[in-house]
Visitor: 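Sharing a structure with you now.
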Amino acid sequence: MSAKLTLQSTRRMLSGYDIPAIGYGVYMINPSSTEKAATEALKVGFRHVDSAIMYRNEKGCGRAIQNSGLDRSDIFLTTKIPPESMGYEKATRAISSSLREGGQEYFDLILIHAPYGGKAARLGAWKALVEAQRSGKVRSIGVSNYGIHHLEELEEYIQNGGGGEISVGQYELHPWLDHSDIIEWLQKRNIIVEAYSPLAHGERLDEPVLQTIGKKYNKSPAQVMIRWSLQMGLLPLPKSVTPQRIRENIEVFDFELSPEDMKLLDTGEYCPTDWDPTVDDD
């Protein structure tokens, strides 16, 4: 599905808005370094920045956008409601805080960061997102790290009058973390699936299969992993603070992995490099 993708490609969400086909992640970037890194990302062509309250660097992202020389409407900015702000009242305050911290009049997307806190807290946070969407504080809403049981809980709530639509589901996704069941659930409903940590925090870059495929296409292992995400129908969010690597991470639209190479990367392994709240039973 990704053969005709370009850096300028977008995907249409259920909310009716478009989202760039690749984004720049700022997870684990020091707040003092975020503005410089995000500025570089926008300079080389990224138009999508994925931030979060929990990263403590919304301010740096906002400054990078404001000083980029680009129209705000040309940049897609995401933030997330953290686990400690679940529930209607706390989530409402978190949204207002993020707008102030990032210096924004609106966010393009706000996600619930993780399905913690229990059912009442999850649905309360969703209610706050729906109200923020209706008031123009956010254009699209979604979730991150939700297991299928959490997604079905939310789907039932929406269908019974809760409002809103799940435009995006964000997960750690790469060839060594199989979430195919969740991906199938989301894609069947035309929900955009974002892949955070698509490079597995660099832990897999020495894998022989990546080295072999990279040499075949004259691409780095990181570029192979990002291209895999695109061809899986995912929206990758690679992160780097190194200017050369930031640029390399978007130089993935001039080649296509063969079906054979895609199959080689279908490891079926389940090895998260970080947390995995999808398995939370609460």
Side-chain angles (χ1 to χ4, degrees), residues 7-8 10-11 13 15 17-86 90-114 125 128-144 167-168 170 192 194 196-197 235-243 245-247 249-250:
L7 180 57
Q8 291 74 40
T10 59
R11 306 267 303 275
M13 294 179 287
S15 62
Y17 287 97
D18 292 333
I19 183 171
I22 189 170
Y24 178 65
V26 298
Y27 174 53
M28 292 183 71
I29 296 181
N30 191 295
S32 65
S33 304
T34 301
E35 181 179 354
K36 181 179 179 180
T39 296
E40 181 66 23
L42 294 171
K43 178 181 175 182
V44 302
F46 279 98
R47 293 295 179 267
H48 175 181
V49 178
D50 181 79
S51 70
I53 291 174
M54 204 156 64
Y55 307 163
R56 304 186 188 283
N57 53 20
E58 291 171 309
K59 182 176 292 185
C61 292
R63 286 176 175 170
I65 290 170
Q66 291 160 7
N67 298 326
S68 67
L70 299 166
D71 289 341
R72 173 64 181 85
S73 60
D74 292 333
I75 302 173
F76 191 100
L77 180 60
T78 298
T79 195
K80 307 177 190 77
I81 294 173
E84 61 268 23
S85 294
M86 295 296 279
K90 289 183 178 179
T92 298
R93 289 196 295 270
I95 293 166
S96 296
S97 175
S98 287
L99 289 167
R100 290 193 304 271
E101 186 73 8
Q104 302 298 309
E105 294 183 0
Y106 69 92
F107 280 94
D108 295 277
L109 175 66
I110 299 181
L111 306 174
I112 296 176
H113 209 145
L129 283 180
V130 171
E131 288 190 4
Q133 185 180 35
R134 289 172 176 166
S135 66
K137 295 176 181 178
V138 60
R139 292 182 169 179
S140 304
I141 57 180
V143 298
S144 180
S167 285
V168 170
Q170 186 183 115
I192 300 294
E194 291 186 329
Y196 72 76
S197 300
L235 197 160
L237 303 167
K239 164 248 172 179
S240 177
V241 296
T242 307
R245 289 178 181 168
I246 292 173
R247 181 178 294 275
N249 287 345
I250 57 172

Visitor: If I compare all heavy atoms of Met13 with all of Ser140, which pair ends up nearest, and what's the gap?
Guide: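 Shortest heavy-atom separation between Met13 and Ser140 comes out as CE-OG, 3.3 Å.
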Visitor: Using a 4.5 Å cut-off on heavy atoms from C-beta on, say whether the side chain of Leu129 contacts that of Gln133.
Guide: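 No, too far: nothing below the 4.5 Å cut-off.
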Visitor: Could you tell me if the side chain of Ser144 sits less than 4.5 Å from the side chain of Tyr196, heavy atoms only?
Guide: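 Counting from C-beta outward, Tyr196 and Ser144 do come under 4.5 Å.
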Visitor: Take the angle between the ring planes of Tyr55 and His113 and call it parallel below 30°, perpendicular above 60°, tilted in between.
Guide: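 Perpendicular.
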Visitor: Given the rule in the side chain to side chain contact (heavy atoms under 4.5 Å, CB included) test, do Phe46 and Ile246 qualify, once you have shown the distances and angles that lead to the verdict?
Guide: CA-CA 9 Å; Phe46 279 98; Ile246 292 173; 3.9 Å; yes
Visitor: Tell me yes or no: between the side chains of Glu58 and Ser51, is some donor less than 3.5 Å from an acceptor?
Guide: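 Result is no, nothing qualifies.
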Visitor: Locate the shortest heavy-atom distance separating Asn249 from Ile22; write the atom from each residue and the value.
Guide: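 Shortest heavy-atom contact: O-CD1, 3.5 Å.
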Visitor: Any side-chain heavy atom of Ile112 within less than 4.5 Å of one from Met86?
Guide: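 Yes, close enough: below the 4.5 Å cut-off.
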Visitor: Output the distance between atom CD1 (Ile29) and atom CD (Glu35), rounded to the nearest 0.5 Å.
Guide: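 Reported value, rounded in 0.5 Å steps: 12.5 Å.
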Visitor: Of the non-hydrogen atoms in Ala128 and Thr92, which two are nearest, and what is the gap between them?
Guide: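 In this case the closest contact between Ala128 and Thr92 is CB-OG1, 3.4 Å.
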Visitor: When rounded to the nearest 0.5 angstrom, what is the spacing between CZ in Phe107 and CG in Leu99?
Guide: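 Interatomic distance, Phe107 CZ to Leu99 CG, rounded to 0.5 Å: 5.5 Å.
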Visitor: Mind listing the closest non-hydrogen atom pair of Leu42 and Ser68 along with its distance?
Guide: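 Residues Leu42 and Ser68, closest heavy atoms: CD1-CB, 3.9 Å.
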Visitor: Verify side chain to side chain contact (heavy atoms under 4.5 Å, CB included) between Val138 and Ile95, making sure each step is shown before the conclusion.
Guide: CA-CA 9 Å; Val138 60; Ile95 293 166; 5.9 Å; no
Visitor: Do you know the tightest heavy-atom contact between Lys90 and Glu84?
Guide: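 What the structure gives for the nearest pair is CD-O, 3.6 Å.
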Visitor: Give the C-alpha distance, both sets of side-chain angles, the deciding distance and a yes or no for side chain to side chain contact (heavy atoms under 4.5 Å, CB included) between Thr39 and Asn67.
Guide: CA-CA 8 Å; Thr39 296; Asn67 298 326; 5.8 Å; no
Visitor: Among all residues two or more places apart in sequence or in another chain, which pass the side chain to side chain contact (heavy atoms under 4.5 Å, CB included) test with Ala94?
Guide: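 Ala94: side chain to side chain contact (heavy atoms under 4.5 Å, CB included) contacts with Ile53, Ser85.
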Visitor: Step through the shown structure and confirm whether more than 12 heavy atoms of other residues, nucleotides or ligands are within 6.0 Å of CZ on Arg72.
Guide: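 Count over threshold, so yes.
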Visitor: Quick one: CD on Gln170 to OG on Ser197, what's the gap to the nearest 0.5 Å?
Guide: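 Rounded to the nearest 0.5 Å, the CD-OG separation comes out at 9.0 Å.
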Visitor: Does Asp71 form a side-chain hydrogen bond (donor to acceptor under 3.5 Å, both in side chains) with Ser73? I'd like the steps, not just the answer.
Guide: CA-CA 5 Å; Asp71 289 341; Ser73 60; 4.7 Å; no
Visitor: Could you tell me the separation between the CG atom of Asn57 and the CD atom of Glu101, rounded to the nearest 0.5 Å?
Guide: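 CD of Glu101 is found 9.5 Å from CG of Asn57.
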Visitor: Calculate, to the nearest 0.5 Å, the distance between atoms CD and CZ belonging to Glu40 and Arg245 respectively.
Guide: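 Interatomic distance, Glu40 CD to Arg245 CZ, rounded to 0.5 Å: 14.0 Å.
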Visitor: Using ring pair (Phe, Tyr, Trp, His ring centres under 6.0 Å) as the criterion, list what pairs up with Phe76, not counting sequence neighbours.
Guide: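 With sequence neighbours excluded, Phe76 shows a ring pair (Phe, Tyr, Trp, His ring centres under 6.0 Å) to His48, given in chain and number order.
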Visitor: To the nearest 0.5 Å, what is the distance between CG (Leu77) and CD1 (Ile110)?
Guide: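 Rounded to the nearest 0.5 Å, the CG-CD1 separation comes to 9.0 Å.
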Visitor: Does any part of the side chain of Thr79, heavy atoms only, come nearer than 4.5 Å to the side chain of Gln104, both counted from C-beta?
Guide: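 SC-SC contact between Gln104 and Thr79 ruled out.
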Visitor: Where do Thr34 and Cys61 come nearest, in terms of heavy atoms and distance?
Guide: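 What the structure gives for the nearest pair is CG2-SG, 3.8 Å.
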Visitor: Mind checking salt bridge (charged side-chain N to carboxylate O under 4.0 Å, His left out) for Lys80 and listing every partner two or more places apart, or none if nothing turns up?
Guide: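 Salt bridge (charged side-chain N to carboxylate O under 4.0 Å, His left out) list for Lys80, sorted by chain: Asp50.
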Visitor: For Thr78, is there any backbone N or O sitting under 3.5 Å from a side-chain donor or acceptor partner on Asp108?
Guide: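 Here the side-chain-to-backbone pair does not exist.
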